[in-house]
Q: 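To start, I am sharing the structure in question, which I have written as structure tokens.
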Amino acid sequence: MKSIPESKNCLLCGREMTWRKKWEKNWNEVRYCGEKCRRDKNTLREGHETEILNLLAQRAHSATICPSEVLPPAFKQDAEKMELVRQAARRLVHQGKIEILQKGQVIEPSKFRGPIRLRLKR
Ligand SMILES: [Zn+2]
């Protein structure tokens, strides 16, 4: 009996992808969790990783930031722009660089809802 392959993270949104039957033939090549992430992969080039890390570098090591702080004022209420920052935050978690917190607790990056804070990994 074949064992089910380990899950991995979408290269774009950073959400965990759990192996599914439809990926049986090409799991090794699957990089994105779905059509939307594959289509949007060019947003990776202008990802917010550097801005997040720069902002955190300016603060005390234990300080947290709100993801909206990396956006210009005009975009702070823009849900789509915010999602791009959140995606970059998830990717940074997978790189071992930052942590995502909710109510002071480090959370798993695939599953949160609602407001989050970011800080450098301890
Ligand atoms: Zn995705």
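Counting starts at 1 for both ligands and their atoms, in listed order. The structure presented is a predicted model; accordingly, all values stated were derived computationally and were not measured.
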Q: Nearest 0.5 Å please: distance from the CD atom of Gln77 over to the CG atom of Leu71.
A: 10.0 Å
Q: For Glu108, is there an ion pair with Arg15 - N to carboxylate O distance below 4.0 angstrom?
A: no
Q: Do Lys121 side-chain atoms and Glu99 backbone N/O form a donor-acceptor pair below 3.5 Å?
A: no
Q: Which protein N, O or S atoms does the Zn ion (ligand 1) have within a distance shorter than 2.8 Å?
A: Cys10 SG, Cys13 SG, Cys33 SG, Cys37 SG
Q: Validate the cation-pi geometry between Lys8 and Trp19: distance from NZ or CZ to the six-membered ring centre under 6.0 Å, angle to the ring axis within 45°.
A: no
Q: If only atom types and distance count, is the side chain of His94 paired as donor or acceptor with the main-chain N or O of Gly14 below 3.5 Å?
A: yes
Q: Pairs under 3.5 angstrom only: tabulate donor-acceptor contacts from the side chains of residues 55-65 to other protein residues two or more places apart or in another chain.
A:
residue, atom, partner, partner atom, Å
Arg59, NH1, Glu69, OE1, 3.3
Arg59, NH2, Glu69, OE1, 2.8
Thr64, OG1, Arg117, NE, 3.1
Thr64, OG1, Arg117, NH2, 3.2

